[in-house]
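Written below as structure tokens is the structure these notes are about.
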Amino acid sequence: MLNIAASCAEAVAGIPDGATVMIGGFGVAGQPVELIDALIETGATGLTVVNNNAGNGDVGLARLIRLGRVEKIICSFPRQSDSWHFDEKYRAGQIELEVVPQGNLAERIRAAGAGIGGFFTPTGYGTPLAEGKEVREIDGRHYVLEHPVKADFSLTRAHVADRAGNLVYRRTARNFGPIMAAAATTSIVQVTRLVERGGLDPEVVVTPGIYVDTVVQVDAPAHPREEF
């Protein structure tokens, strides 16, 4: 049954030390900053985070990294012009990094949600990213075996949810949200609006409520982001 949390603090209260947490967002677009801030307040540490990048500026995921709560990050783009907190931790040997090509990352997350045990992809073949992995030649082309990326929790942001947990996203904020919600044991979503059952056109629902465990409404985000 869907849990409709009264606050972000309530929504993330069950995330323990050492958890693997998927965090949605493509840069700042779709990043659930208020849920991340609430996670910081719980004091949870030793986290493994799965995200497209390694934080931007000083808020959200970047702040979580700055405070030393992240033990390992699995991402595609760890270095950007404003990823100074990750850079500092990585150079000091205080955070572990697993780099995954973006398409592979998305498919590994999707595979976890779909119950797929693994898949072969040509991306990464012949590079250090393929070291130690099984390789096969299929129809004259070489492929690398990749395994699903699962998580204990996912923190994502959608635009509207109904009281059954069905989700609609706003533009590019959709990015990793749908596949992360499906790949995590417990899916936690912040939304800007909550409507009654039947309040969403079924034809526009992106994430079915079966993949959503907790929803919390955040009326006025402290750090508004634009999606295009």
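- Minimum interatomic distance between Gly177 and Thr156 (heavy atoms only, all atoms of both residues): CA-CG2, 3.9 Å.
- Legend: salt bridge (Lys or Arg N to Asp or Glu O under 4.0 Å) pairs involving residues 124-133, not counting sequence neighbours, sorted by first then second residue: Lys133-Glu146.
- Under the 4.5 Å side-chain criterion, counting only non-hydrogen atoms from C-beta, Val99 is in contact with Pro78.
- Note that the CD1 atom of Ile188 and the CE atom of Met180 stand 13.5 Å from one another [nearest 0.5 Å].
- In this structure, the separation between CG on Asp162 and CG on Leu194 is 8.0 Å, given to the nearest 0.5 Å.
- Within the 4.5 Å cutoff, side-chain heavy atoms of Cys8 are placed close to those of Val218.
- When all heavy atoms of Glu137 and Gly140 are compared, the closest pair comes out as OE2-CA, 3.5 Å.
- Contact record, Ala44 with Ile15: CB-O, 3.8 Å, taken as the closest heavy-atom pair.
- Note that the CD atom of Glu88 and the CZ atom of Arg66 stand 9.5 Å from one another [nearest 0.5 Å].
- Heavy-atom minimum distance, Pro16 versus Leu47: O-CD2, 3.8 Å.
- Placement of Val168 and Val195 within a single hydrophobic cluster is found when ILVMFWY residues are connected by side-chain heavy-atom separations under 4.5 Å, directly or transitively.
- With Ser76 contributing its side chain and Val100 its backbone, the two residues share a donor-acceptor pair below 3.5 Å.
- No side-chain heavy atom of Val206 sits under 4.5 Å from any side-chain heavy atom of Leu167.
- In terms of modelled atom types and a separation under 3.5 Å, the side chain of Asp152 and the main chain of Thr20 share a donor-acceptor contact.
- Counting only heavy atoms from C-beta outward, the side chains of Leu145 and Arg136 never approach each other to under 4.5 Å.
- Residues Phe86 and Leu155 are members of one and the same hydrophobic cluster, defined by side-chain heavy-atom contacts under 4.5 angstrom among Ile, Leu, Val, Met, Phe, Trp and Tyr.
- Counting only residues at least two apart or in different chains, salt bridge (Lys or Arg N to Asp or Glu O under 4.0 Å) contacts with residues 190-200 comprise Arg163-Glu196.
- Put simply, the side chain of Asn3 never gets that close to the backbone of Asp213: no donor and acceptor are under 3.5 Å apart.
- Between atom OG1 of residue Thr172 and atom CZ of residue Phe26 there is a gap of 8.5 Å, rounded to the nearest 0.5 Å.
- Through direct or indirect side-chain contacts shorter than 4.5 Å among Ile, Leu, Val, Met, Phe, Trp and Tyr, Ile210 is connected to Tyr211.
- A continuous path of hydrophobic side-chain contacts links Leu39 to Leu67 [ILVMFWY only; heavy atoms under 4.5 Å].
- Taking CG of Leu200 as the reference point, atom CG of Asn166 lies at 6.5 Å (rounded to 0.5 Å).
- Contact of the Ile36 side chain with the Gln31 side chain is registered, since non-hydrogen atoms from C-beta on lie closer than 4.5 Å.
- Val33 and Val70 fall into different hydrophobic clusters, defined by Ile, Leu, Val, Met, Phe, Trp and Tyr side-chain heavy atoms under 4.5 Å apart, directly or through other members.
- Here Ile95 contributes atom CD1 and Tyr90 contributes atom OH; the two are 10.0 Å apart, rounded to the nearest 0.5 Å.
- Residues Met22 and Ile74 share a single hydrophobic cluster, defined by chaining ILVMFWY side chains whose heavy atoms lie under 4.5 Å apart.
- Remark: Phe176 engages no residue in a ring pair (Phe, Tyr, Trp, His ring centres under 6.0 Å) (not counting sequence neighbours).
- Arg108 and His147 get closest at one heavy-atom pair: NE-O, 2.6 Å.
- The residue from Glu34, Gln217, Arg157 that alone fulfils the side-chain hydrogen bond (donor to acceptor under 3.5 Å, both in side chains) condition with Gln190 is Glu34.
- For the pair Gly165 and Leu2, the tightest heavy-atom approach, listed with the atom from each and the gap, is N-CD2, 3.4 Å.
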Side-chain donor-acceptor pairs of residues 118-125 under 3.5 Å, sequence neighbours excluded:
{"residue": "Thr121", "atom": "OG1", "partner": "Asn104", "partner atom": "OD1", "Å": "3.4"}
{"residue": "Thr121", "atom": "OG1", "partner": "Thr123", "partner atom": "N", "Å": "3.2"}

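- Here the options are Thr207, Val204, Asn175, Val160, the test is side-chain contact (heavy atoms from CB on, under 4.5 Å), and the partner is Tyr169; only Thr207 passes.
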Would you list the atom pairs, donor with acceptor, under 3.5 Å between side chains in residues 49-62 and any protein atom, with sequence neighbours excluded?
{"residue": "Asn51", "atom": "OD1", "partner": "Asn53", "partner atom": "N", "Å": "2.9"}
{"residue": "Asn51", "atom": "ND2", "partner": "Ile23", "partner atom": "O", "Å": "2.5"}
{"residue": "Asn52", "atom": "OD1", "partner": "Gln102", "partner atom": "NE2", "Å": "2.8"}
{"residue": "Asn53", "atom": "ND2", "partner": "Asn56", "partner atom": "OD1", "Å": "2.9"}
{"residue": "Asn56", "atom": "ND2", "partner": "Asp82", "partner atom": "OD1", "Å": "3.3"}
{"residue": "Asp58", "atom": "OD1", "partner": "Trp84", "partner atom": "NE1", "Å": "3.1"}
{"residue": "Asp58", "atom": "OD1", "partner": "His85", "partner atom": "NE2", "Å": "2.7"}

